[in-house]
Structures are given as structure tokens and as C-alpha cells.
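Counting convention: from 1, in listed order, for ligands and their atoms alike.
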Amino acid sequence: MTPLIEVADLRVQLDGRPILEGVHLRLFPQETVALIGPNGAGKTTLLRVLLGLVPYQSGQVRVLGKAPHQLTRADRAQIGYVPQALQFDRTMPLLVSELLRAILGDAYQKRARLIAVLEAVDAVHLLDKPVRALSGGEMQRVVIACALAQEPKLLLLDEPATGIDVGTRLHFYDLVEHLRTERQVGTLIVSHDLSIVSRYATRVVCIHHRLVCEGTPAEVLQMPLLEEVYGHAVGVYHHHEH
Ligand code: ADP
Ligand code: MG
């Protein structure tokens, strides 16, 4: 089976500072790999390298069998990406329906398709709301709906559930699990929620600029090494946004 992601000996330097060094990662269809590590470890940077948004100094990177800069528009449509912090102009005078039509393109102009897209995250009621009226959590649900809409083969999720209520969060992870088992989707998910990680991940990779450890959730979450990296007992780890 061809891996969806293949990273070997990756080195990334930003502003002259080494951010990632000697990182290896493979992700196959039907895997949900949790990428964990403390703040500033380079998790977001790694995802952005995979998307071709951050250049790398050396190493091998293949996503859907291609180097990131070779990914075509059609390839990118097969990658669902939920970025960590939403960065776009929240003041724009758009309705959610108009935003979805603009992002998803020709095949999604019909209202019924948009409703189906939002149904996946229990957010149909947001369709006719202005984007600027959405709360952070509501906006995040719309972004997740977009990532899931185009039948992706690969999901790259960067702390996707931040700001979302618990019920919707579990519904979302169940959906990811459904895509994994029914459609062989592979997912790389950055999460600090270790109960979610142990419930949904098939494998856990911990990085702190370098690869720290990797294994099944049961193996990794009990490694003493992990507490060392996080600086305290991982069971009580809480994520703080800067
Ligand atoms: P994580 O997602 O694990 O919290 P990041 O990948 O966001 O970590 O950041 C890793 C390190 O890289 C941090 O020290 C951050 O300040 C630095 N960094 C991230 N993006 C840039 C950038 N565009 N230019 C310079 N440094 C960056
Ligand atoms: Mg991050």
C-alpha cells in the first residue's frame, strides 16, 4: 500500500532557527495518527510543510506520492485541511452559504449540497447567517465542514476541535473514525486532548523538534519520556493558546 504521507529525515529551519530535525513520518490509508508534542514543538510547521506552505531545507517529503510543490489543484482537493487558527477577514460581508460556495466551487452551488455539507457537523442552522456573526466555535465547524466536503483521501487537522462544544466535538471525531473505516481516509491530527487521542488514534507520534517517540496510544501515553517532554504529568496537561 502506498503511504499518503512519507517524510524522511526532514530538516526545517525558520529565521535561521532549526525547527524540525531528522523527522520521519509515514501515514497510510485507514490510519488516524495523532501528532502530539508541547507548544512550539513544530507540529503546525510539519503540517504546513506537507501542504507546501513552508519550505524545507533537506529530507524527503511525499504527500499523495508527490513533493508538496508538485501537488496540483486536483490533488489539493483530496486533502482536507483544518488550520489551527483561522486566519481570514471576519469582517467580510458574506453569508455562510456564500462563503461555502466560494470555497467549494461549481459542484456546490445548490442549496441542498450546502445543507448536506453542514449536516456533517450539525450546523445547518448556520447556513444563512453572516460570517461575522459566528462565534469562534461556529466558524470552526464551518471550516471543518469544508474540509470534509470534497471526499478527501487525507485529512490534516491542526487542533480542529478548539472552541467547539463537547457534543459536537465527539460527533466530529466519530465522523473522522467513520471516514477511516468506511472510506480508508488517512488522518494526521494535532491534538492536546489525550483522552481523544487514546480513543481515536491508531498511532501516536510525539515530536519536540525531533521525533521523541511513537507507538500505539497505550504505548506512548505511558512512556516516562512523554512527561519529560511536556514538563509535567501528561494526564493533567492543558493546552493554552497564546
Ligand atoms: P506547534 O504547532 O508545535 O506549537 P509551531 O510549528 O507553530 O509549533 O512552531 C514551532 C516553532 O517555529 C516555534 O518556535 C515558532 O515560533 C516557530 N515558527 C513558526 N512559524 C514561523 C515562521 N513563519 N517564522 C519563524 N519562526 C516560526
Ligand atoms: Mg501548532
Side-chain angles (χ1 to χ4, degrees), residues 5-27 32-61 63 68-69 79-88 136-137 139-141 143-144 146-147 154-164 169 172-173 176 186-198 200-201 203-215 217 220-221 223 225-242:
I5 296 174
E6 203 162 16
V7 171
D9 210 15
L10 175 67
R11 193 165 72 85
V12 176
Q13 204 168 306
L14 294 172
D15 290 343
R17 236 165 25 103
I19 305 296
L20 295 171
E21 197 121 40
V23 170
H24 292 258
L25 177 74
R26 287 172 108 196
L27 186 139
T32 296
V33 174
L35 184 63
I36 66 171
N39 283 328
K43 305 179 299 294
T44 295
T45 301
L46 178 54
L47 261 58
R48 288 172 58 81
V49 165
L50 297 173
L51 290 158
L53 300 172
V54 168
Y56 50 100
Q57 268 61 46
S58 61
Q60 268 263 7
V61 180
V63 180
H69 70 270
I79 305 172
Y81 174 47
V82 176
Q84 177 171 7
L86 204 64
Q87 285 171 2
F88 78 94
M139 191 62 228
Q140 192 67 352
R141 277 154 76 167
V143 172
I144 288 169
C146 281
L154 173 63
L155 291 174
L156 301 176
L157 310 176
D158 200 348
E159 302 188 34
T162 307
I164 301 181
R169 194 180 308 175
F172 166 64
Y173 287 116
V176 171
T187 298
L188 182 62
I189 179 167
V190 177
S191 177
H192 287 282
D193 186 337
L194 298 181
S195 65
I196 289 291
V197 166
S198 52
Y200 292 94
R203 202 150 53 85
V204 179
V205 173
C206 178
I207 65 168
H208 190 195
H209 305 300
R210 305 172 162 274
L211 198 62
V212 175
C213 54
E214 113 170 79
V220 169
L221 298 182
M223 285 183 185
L225 204 56
L226 205 61
E227 284 185 20
E228 220 169 276
V229 166
Y230 274 95
H232 47 78
V234 289
V236 296
Y237 183 78
H238 295 291
H239 176 51
H240 299 284
E241 291 293 337
H242 295 294

**Q** Just let me know how Thr44 lines up against ligand 1, side chain, backbone, both or neither, with a heavy-atom cut-off below 4.0 Å.
**A** both

**Q** I'd like to check Val176 versus Leu157 (side-chain heavy atoms, cut-off strictly below 4.5 Å). Are they in contact?
**A** yes

**Q** Which residue supplies the protein heavy atom nearest to atom 8 (O) of ligand 1, what is that atom called, and how far is it?
**A** Gly42 N, 3.2 Å

**Q** I want to check something: taking the side chain as every heavy atom from C-beta on, are Leu188 and Leu50 in contact at a cut-off of under 4.5 Å?
**A** yes

**Q** At what distance is the nearest protein heavy atom to atom 10 (C) of ligand 1, and which residue and atom is it?
**A** Gly40 O, 3.4 Å

**Q** Just which atoms of ligand 1 are under 4.0 Å from any heavy atom in Asn39?
**A** 4 (O)

**Q** By number and element, which atoms of ligand 1 are closer than 4.0 Å to a non-hydrogen atom of Ala41?
**A** 1 (P), 3 (O), 8 (O)

**Q** Whether the side chain of His209 engages the backbone of Ile19 through a donor-acceptor N/O pair (distance < 3.5 Å, no angle test) should be reported.
**A** yes

**Q** Relative to atom 25 (C) of ligand 1, which among Val190, Ile207, Asp15, Val54 owns the nearest non-hydrogen atom?
**A** Asp15

**Q** I'd like to check Tyr173 versus Ile189 (side-chain heavy atoms, cut-off strictly below 4.5 Å). Are they in contact?
**A** yes

**Q** Show which atoms of ligand 1 fall inside a sub-4.0 Å distance from at least one heavy-atom site of Ile19.
**A** 10 (C), 11 (C), 12 (O), 17 (C)

**Q** Relative to the heavy atoms of Pro38, which atoms of ligand 1 are at a distance of less than 4.0 Å?
**A** 3 (O)

**Q** Under a 3.5 Å distance rule, please check whether Gln140 uses its side chain to pair with a backbone N or O of Pro160 as donor and acceptor.
**A** yes

**Q** Among Thr32, Leu154, Val63, Val7, find the residue that satisfies the side chain to side chain contact (heavy atoms under 4.5 Å, CB included) test when tested with Leu27.
**A** Leu154

**Q** What I'd like to find out is whether the side chain of His192 reaches to under 4.5 Å of the side chain of Lys43, using heavy atoms alone.
**A** yes

**Q** So is Gly37 in contact with ligand 1, going by heavy-atom distances below 4.0 Å?
**A** no

**Q** Taking the Mg ion (ligand 2) as the vertex, measure the angle between atom OE1 in Gln84 and atom OG1 in Thr44; round to 10°.
**A** 80°

**Q** Considering heavy atoms of the protein only, find what lies nearest to atom 5 (P) of ligand 1 and give residue, atom and distance to 0.1 Å.
**A** Thr45 OG1, 3.7 Å

**Q** To the nearest 0.5 Å, how far apart are CG in Leu47 and CD in Glu159?
**A** 10.5 Å

**Q** Taking the side chain as everything from C-beta on, heavy atoms only, tell me whether His24 gets closer than 4.5 Å to Asp9.
**A** yes

**Q** Can you tell me which residue and heavy atom of the protein come closest to atom 19 (C) of ligand 1, and the distance to 0.1 Å?
**A** Leu14 CD1, 3.8 Å

**Q** Give the contacting part of Arg17 toward ligand 1: side chain, backbone, both or neither, where contact means a heavy-atom distance below 4.0 Å.
**A** side chain

